[in-house]
Each structure stands twice: as structure tokens, then as C-alpha cells.
Amino acid sequence: REEDRVFRDEGYEAYRKFQLSRRHKILPKGIAFPFIRRFLEINRVYPDKKPVEVVLLSKNNPETGLRAFDAIQHYGLDISRATFTSGQPPYRYIPPFNISLFLSKDIDDVKGAIQSGFPAGRVLDTVVEDDERDLELRVAFDFDGVVADDEAEQVYQESQQLNIFHQHETDHANDPLNPGLLSDFFMKLAFFQKLERKKLNADSSYKRILKTAIITARNAPAHERAIKTLAAWEVDVDEMFLLGGIEKARILKVLKPHLYVDDQAAHLDTKLENIPLVHVPFGIANSQVEA
């Protein structure tokens with residue numbers, strides 16, 4: 001946080017000097033650390049496949065970036081690839097690294113990535129501590145505008161009538177929605193879950209390390225299209241919450257995901273502790289907020 005404040009308030013050169021003055025001081029854990037640590041644990045469970053990777057895309061220059069790699073080594077994170085852009089937007093390098101999700105606290109970088117058609121989300125400022133006794137990785141998603149596209153959200157926003165939205169979704173219950181901005185990341189997690197199920201079938205003592213959840217404002221009768229969309233994509237989730245207006249924070253407090261992604265900032269309560277929240281400023285809901 002301190003380094004980020006210097007960069008935003010005092011500029012790149014002041015940030016560079018600040019970083020170099022603290023070259024050998026280990027950076028503290030950030031908001032996304034609990035998620036990243038558990039995400040990389042997947043490779044430890046599957047060392048022959050190593051199905052996941054984390055790449056550092058940073059506005060540091062190579063010299064100040066040494067401090068980031070010192071922290072990576074200190075915390076034992078299996079991260080070996082990085083891009084240092086010396087203050088320039090790093091999201092341009094999402095395609096070369098085949099990145100399925102770009103996380104940043106910089107709203108301009110996130111919006112730039114999304115405008116370029118890349119999957120990105122802004123990590124919000126929350127209080128997060130890593131409970132190392134909790135070995136499970138829990139990732140939760142909103143549905144419309146995140147996992148699926150915002151076609152249905154457009155119907156609601158244009159009409160502002162819940163009955164019109166429900167009728168539209170009932171009429172199209174058998175028509176799968178198109179994949180959304182984070183669908184690739186979501187589907188790759190679902191693929192890993194299939195590996196876990198195979199491992200569990202072969203070894204009943206195996207403890208699964210990944211849980212996925214959908215937390216959506218949909219309820220009956222709009223639930224059917226969401227469920228059939230997932231079935232058409234041949235993906236499963238462990239838990240699905242059809243809330244119909246109930247505050248999502250109530251579920252998040254119980255589920256305690258290590259990452260929750262939503263396209264509507266109103267559903268992301270930054271007072272929630274120990275839950276990294278990610279806002280995806282995409283689609284009609286966000287274009288109306290900006291207007």
C-alpha cells in the first residue's frame with residue numbers, strides 16, 4: 001500500500017527512489033496474497049502437470065523489480081515470469097503470456113485491459129489476513145457480466161422491470177448465454193475440478209483443495225437459464241446461490257472466498273474482512289454508472 005501511494009501521489013521517479021531505498025526490506029503480503037498462495041498450491045498437488053501459473057506484470061523497472069522477486073522468494077511463491085514496464089501500462093502483455101485473469105488495483109489499467117478485450121478486474125481495498133490453517137481455495141463469481149455476458153442484464157437495465165426480465169429469461173431458458181469476460185478463467189478452474197474428482201475417485205483419502213461458487217441476484221424463474229448455460233458449457237460449480245435481492249455480503253461472510261468477482265460495485269462491501277473483492281468494470285451496468 002505504501003509503495004502504491006508514493007507512485008500515485010508523487011510520481012514514478014519518487015517511487016523509483018523509494019523502492020531503491022528499501023531494496024532489502026521485504027514487502028508485506030498484499031490483498032490477493034491468500035488467493036495467489038493457494039492458487040499456486042495446485043501445482044504442488046499436480047507436479048507432473050503444473051496446470052496453473054502466475055505472472056507478474058509490473059510498472060516497476062527491472063532494477064526496482066528486484067524487490068518484488070525478493071518478496072516472491074521470501075514467501076516461497078512459485079512465480080518465475082515477469083514483465084517490468086517502467087511506468088507504462090502493463091496490460092498490453094496479457095496476450096503474449098496467455099493470461100486468463102489480470103488483477104490490479106489500478107482502475108485505469110483495468111479499464112484499459114477491458115477496453116482491449118482482455119479479462120481484468122480491480123482488486124478493492126479491504127482488510128485481508130492469510131489464515132494458513134485454511135488449506136482450501138475458494139473462488140466465487142457473480143454470473144451475468146462476469147462468467148456469462150451481460151445480455152440478460154441489458155434486458156433488465158433497459159426495462160427496469162423485474163417481471164419483463166423474468167419473462168425474457170423464461171422465454172430463453174433453453175438458449176445458453178454467451179461466455180463472459182472471465183469465462184476462460186472460470187472454465188479452467190472447472191477443468192481442474194474435474195482432475196480433482198478423478199483423483200478423489202482413485203483415492204478416497206484425497207482432500208479437494210478447490211471450491212467454486214456462483215453468487216447471483218437471479219432467482220426463480222430466471223434460475224433455469226443460468227443452470228442450463230453452465231450445463232451447455234459442461235462445467236460444474238460446487239455451490240450456487242440464487243439470492244433474488246438478498247445482500248450478497250450475507251453469503252460471503254459464511255463462504256469466505258479467497259476471491260469474489262462481481263461486475264457491480266454495489267454488491268462489493270469493502271467493510272467485509274478477509275475477503276478479497278474484485279470489481280470487473282464491464283458491460284451495461286458500468287456504462288450507466290459512468291454516464
Test salt bridge (Lys or Arg N to Asp or Glu O under 4.0 Å) on Glu10 and Arg5 and set out the steps.
-> CA-CA 8 Å; Glu10 302 178 35; Arg5 183 199 63 77; 3.8 Å; yes
Please lay out, stage by stage, how Leu137 and Phe35 fare under the test side chain to side chain contact (heavy atoms under 4.5 Å, CB included).
-> CA-CA 7 Å; Leu137 168 62; Phe35 163 72; 3.7 Å; yes
Hey, is the main chain of [Y] close enough, under 3.5 Å, to the side chain of [X] for a donor-acceptor pair?
X      : Y      : answer
Gln19  : Arg16  : no
Arg67  : Lys25  : yes
His166 : Pro221 : no
Arg225 : His172 : yes
Asn43  : Val52  : yes
Lys256 : Lys253 : yes
Asp149 : Pro179 : no
Glu196 : Leu210 : yes
Arg8   : Glu3   : no
Arg138 : Leu259 : no

Give the cluster check for [X] versus [Y]: same hydrophobic cluster or not, with ILVMFWY residues linked at side-chain heavy-atom distances below 4.5 Å.
X      : Y      : value
Val237 : Phe185 : yes
Leu101 : Trp233 : yes
Leu200 : Val235 : yes
Ile215 : Leu182 : no
Val54  : Leu77  : yes

For the residue pair [Y] / [X], report whether a side-chain donor-acceptor contact shorter than 3.5 Å exists.
X      : Y      : value
Asp109 : Ser104 : no
Asp262 : Tyr260 : yes
Arg122 : His279 : no

Member of Arg37, Lys50, Arg44 meeting the salt bridge (Lys or Arg N to Asp or Glu O under 4.0 Å) criterion with Asp78 | Lys50
Please report the closest heavy-atom contact between [X] and [Y], naming both atoms and the distance.
X      : Y      : result
Ile107 : Pro281 : CD1-CG, 4.2 Å
Ala120 : Ile114 : O-CD1, 3.7 Å
Pro89  : Lys59  : CA-CE, 4.3 Å
Ser80  : Phe69  : O-CZ, 4.0 Å
Arg38  : Asp131 : NH2-O, 2.7 Å
Gly145 : Phe282 : O-CD2, 3.5 Å

Measure the spacing between [atom1] of [X] and [atom2] of [Y] and express it to the nearest 0.5 Å.
X      : Y      : atom1 : atom2 : value
Leu27  : His74  : CG    : NE2   : 10.5 Å
Ile36  : Lys29  : CD1   : NZ    : 13.5 Å
Phe165 : Gln157 : CZ    : CD    : 10.5 Å
Lys271 : Leu277 : NZ    : CG    : 11.0 Å
Asp130 : Ile31  : CG    : CD1   : 13.5 Å

Validate the cation-pi geometry between Lys199 and Tyr46: distance from NZ or CZ to the six-membered ring centre under 6.0 Å, angle to the ring axis within 45°.
-> yes
Does the pair Lys188/Glu53 count as a salt bridge with the N-to-O cut at 4.0 Å?
-> no
salt_bridge(Arg250, Asp269) N-O dist < 4.0 Å = no
With side chains defined as the heavy atoms from C-beta onward, is the minimum distance between [X] and [Y] less than 4.5 Å?
X      : Y      : result
Leu124 : Val278 : no
Pro51  : Ile42  : yes
Leu189 : Phe192 : no
Pro62  : Ser86  : yes
Leu243 : Thr216 : no

Would you please indicate if the ring centroids of Phe118 and Phe102 are separated by under 6.0 Å?
-> no
Using a cut-off of 6.0 Å, state whether more than 12 heavy atoms not belonging to [X] lie near its atom [atom1].
X      : atom1 : result
Tyr206 : OH    : yes
Glu234 : CD    : no
Phe97  : CZ    : yes

Please assess Asp144 against Leu177 for the test side chain to side chain contact (heavy atoms under 4.5 Å, CB included), listing each intermediate value before the final yes or no.
-> CA-CA 9 Å; Asp144 297 284; Leu177 287 157; 3.9 Å; yes
Audit row: Leu40, Ile79, side chain to side chain contact (heavy atoms under 4.5 Å, CB included) steps and yes/no | CA-CA 9 Å; Leu40 289 170; Ile79 299 173; 3.9 Å; yes
Residues at least two apart in sequence or cross-chain that pass side-chain hydrogen bond (donor to acceptor under 3.5 Å, both in side chains) with Ser205, listed by chain then number, are Asp203
Decide side-chain hydrogen bond (donor to acceptor under 3.5 Å, both in side chains) for Lys228 and Asn174; before the verdict, give the C-alpha distance in whole Å, the side-chain angles of both, and the deciding distance to 0.1 Å.
-> CA-CA 7 Å; Lys228 287 186 175 180; Asn174 293 315; 2.6 Å; yes
Gln167 pairs by side-chain hydrogen bond (donor to acceptor under 3.5 Å, both in side chains) with which of Thr170, Asn163, Asp171?
-> Asp171
Residue that, paired with Asp142, satisfies side-chain hydrogen bond (donor to acceptor under 3.5 Å, both in side chains) out of Lys248, Arg218, Gln264 | Lys248
Who else is in the cluster with Tyr15 when I, L, V, M, F, W and Y are joined by side-chain contacts under 4.5 Å?
-> Val6, Phe7, Tyr12, Phe18
Verify salt bridge (Lys or Arg N to Asp or Glu O under 4.0 Å) between Arg197 and Asp236, making sure each step is shown before the conclusion.
-> CA-CA 11 Å; Arg197 281 191 284 272; Asp236 297 317; 3.5 Å; yes
Can you check side chain to side chain contact (heavy atoms under 4.5 Å, CB included) on Leu195 and Lys49, steps first, answer last?
-> CA-CA 11 Å; Leu195 294 181; Lys49 295 183 175 65; 4.2 Å; yes
Quick one: salt bridge (Lys or Arg N to Asp or Glu O under 4.0 Å) partners of Asp263, sequence neighbours excluded?
-> none
